[in-house]
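One-based numbering, in listed order, for ligands and for the atoms of each.
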Amino acid sequence: MTARANILVTGGAGFIGSHACKALAAAGHNPVTLDNFSTGNRDSVKWGPCIEGDIRDTAVVQKLLCRHAITAVMHFAAKAYVGESVKMPAPYYANNVGGTISVLEACRRSDVQQFIFSSSCATYGIPARLPITEETEQRPVSPYGWTKLIGEQMIKDHSAAYGMRYVILRYFNAAGADPDGELAERHDPETHLIPLALMAAYGHTADLPVFGTDYPTADGTCIRDYVHVSDLATAHTDAVSYLLRGGANLAVNIGSGNGHSIKEIVKAIQRITGRAIPLRMLPRRAGDPPVMIADPELAKQALGFTTSLSDIRTIVAHASLQFTREVADAIPA
Ligand code: UDP
């Protein structure tokens, strides 16, 4: 049993941040959300106070750390689209690198000594070997991946200089949605594979674009390790417990250890929903590695973390909740 902690959650209105707030509250902690609502949803902030503000405003972050007697920071707030980052790198560096410096500086000034960072498997680039362990060389192939790798380095340097302890979580592909239907995956515009495939299945869009069919994989489409967002949220509460009991600095993969191609995901969704998904084959999307699969062993050993909802059936069933509800709502009484 660990103590209750007041935790600043930057980006707590976002997809992963809001699920993490729910998990933190369920574990007895007090999440405090800071979000600029550039992409997050106000109605996703349901567990603890919500402050509108920008992470790059160091004085605002510092004030919050003090006012809410924060003992740990979970830093989610970031721009997070690989493809967009290739086309538009500047806002990625400004927000992700500039924002992380600002939050770290506020922590230093306020003597907040525990930090949990949303990093990404995108820091590994195109891995030489699979599955990807934490020892795999980090050589990003997208500006997004670089901003996360730079974030990791800043945290390590900050820790060495000022003694702060950290857990860096390198997420694989967040997917699914809250099993209770209290939170959904809502991005505008939506860019992620599973919600887009469901949108095509439920007739919200004409078809699903498939980016690249000539990858060196069995069916030619990209393979990803999809991890249920509620499992990801649990990794964060595990990381808090780890830091609160004095755990040493850690950088760790958070994935399921299983890979699925785009075509496999499409087939699974068709089978589960009983609906057809028309496909539109397109060229590769810039910045996409062919195969990303986590070795989840260190997360298990160090944090005691294992996935329990990250099989594709459960991910798709939970991601479908919002669509089946929308479909049900659209049927006249
Ligand atoms: N993808 C696709 N069509 C889409 C969206 C994504 O083929 O409309 C592919 C994408 O190129 C990648 C995989 O699905 O190979 C997962 O992409 P997503 O954007 O969901 O997550 P990312 O890997 O970028 O974090």
Please state which protein non-hydrogen atom is closest to atom 3 (N) of ligand 1 and give its distance, to 0.1 Å?
Pro209 O, 2.7 Å
Which pairs pass side chain to side chain donor-acceptor pair (under 3.5 Å) with one or both residues in residues 145-155, sequence neighbours excluded?
Asn96-Thr147, Ser119-Glu152, Gln138-Glu152, Glu152-Arg170, Gln153-Asp157
Side chain proximity check, His75 to Ile155, heavy atoms < 4.5 angstrom:
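In short, these two side chains do not touch, never coming nearer than 4.5 Å.
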What's the shortest distance from atom 24 (O) of ligand 1 to any protein heavy atom, and which residue and atom give it?
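Of every protein heavy atom, Arg285 NH2, 2.8 Å lies nearest to atom 24 (O) of ligand 1.
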Relative to the ring of His192, is the ring of Tyr81 parallel (under 30°), tilted (30 to 60°) or perpendicular (over 60°)?
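It falls in the tilted class, 30° to 60°.
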Considering only heavy atoms, does Asp288 approach ligand 1 within less than 4.0 Å through its side chain, its backbone, both, or neither?
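The part of Asp288 near ligand 1 is the side chain, not the backbone.
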Tell me which protein heavy atom sits closest to atom 9 (C) of ligand 1, plus the residue, atom name and distance to 0.1 Å.
Ile262 CD1, 3.5 Å
For atom 5 (C) of ligand 1, what's the nearest protein heavy atom and its distance?
Thr191 O, 3.3 Å
Around atom 7 (O) of ligand 1, find the nearest protein heavy atom and jot down its residue, atom name and distance.
Phe211 N, 2.9 Å
Which residue holds the protein heavy atom closest to atom 18 (P) of ligand 1, what is that atom called, and what is the gap in Å?
His192 CD2, 3.8 Å
With a sphere of 6.0 Å drawn around NZ of Lys63, does it hold more than 12 non-hydrogen atoms of other residues, nucleotides or ligands?
no
State plainly whether the residues Lys263 and Asp219 are in salt-bridge range, i.e. N to O under 4.0 Å.
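A salt bridge is absent here (no side-chain N lies under 4.0 Å from a carboxylate O).
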Within the distance-only criterion (no hydrogens, no angle test), does the side chain of Asp225 pair as donor or acceptor with the backbone N or O of Gly257 below 3.5 angstrom?
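Yes, because the side chain of Asp225 sits within donor-acceptor range (under 3.5 Å) of the backbone of Gly257.
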Closer than 4.0 Å to some heavy atom of Val210 - which atoms of ligand 1 meet that?
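Here the atoms of ligand 1 in question are 7 (O).
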Taking every non-hydrogen atom, the tightest pair across Ile194 and Ala175
CD1-CB, 3.9 Å
Residues which pass salt bridge (charged side-chain N to carboxylate O under 4.0 Å, His left out) with Asp214, listed by chain and number, not counting sequence neighbours:
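Salt bridge (charged side-chain N to carboxylate O under 4.0 Å, His left out) check on Asp214 returns Arg284.
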What atoms of ligand 1 come closer than 4.0 angstrom to any heavy atom of Leu196?
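It comes down to these atoms of ligand 1: 4 (C), 5 (C), 8 (O).
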Where does Arg224 meet ligand 1, judged by heavy-atom distances below 4.0 Å: at the side chain, the backbone, both, or neither?
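The side chain, only.
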Between Leu193 and ligand 1, is there a nitrogen or oxygen pair with a distance under 3.5 Å?
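Yes, since at least one N or O of Leu193 sits under 3.5 Å from an N or O of ligand 1.
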Students should be able to answer this: which protein heavy-atom is nearest to atom 15 (O) of ligand 1, and at what distance?
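Result for atom 15 (O) of ligand 1: Cys222 CB, 3.1 Å.
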Among all protein heavy atoms in this structure, tell me which lies nearest to atom 22 (P) of ligand 1, with the distance rounded to 0.1 Å.
Asn173 ND2, 3.5 Å
More than 12 heavy atoms of other residues, nucleotides or ligands under 6.0 Å from NZ of Lys267: yes or no?
no
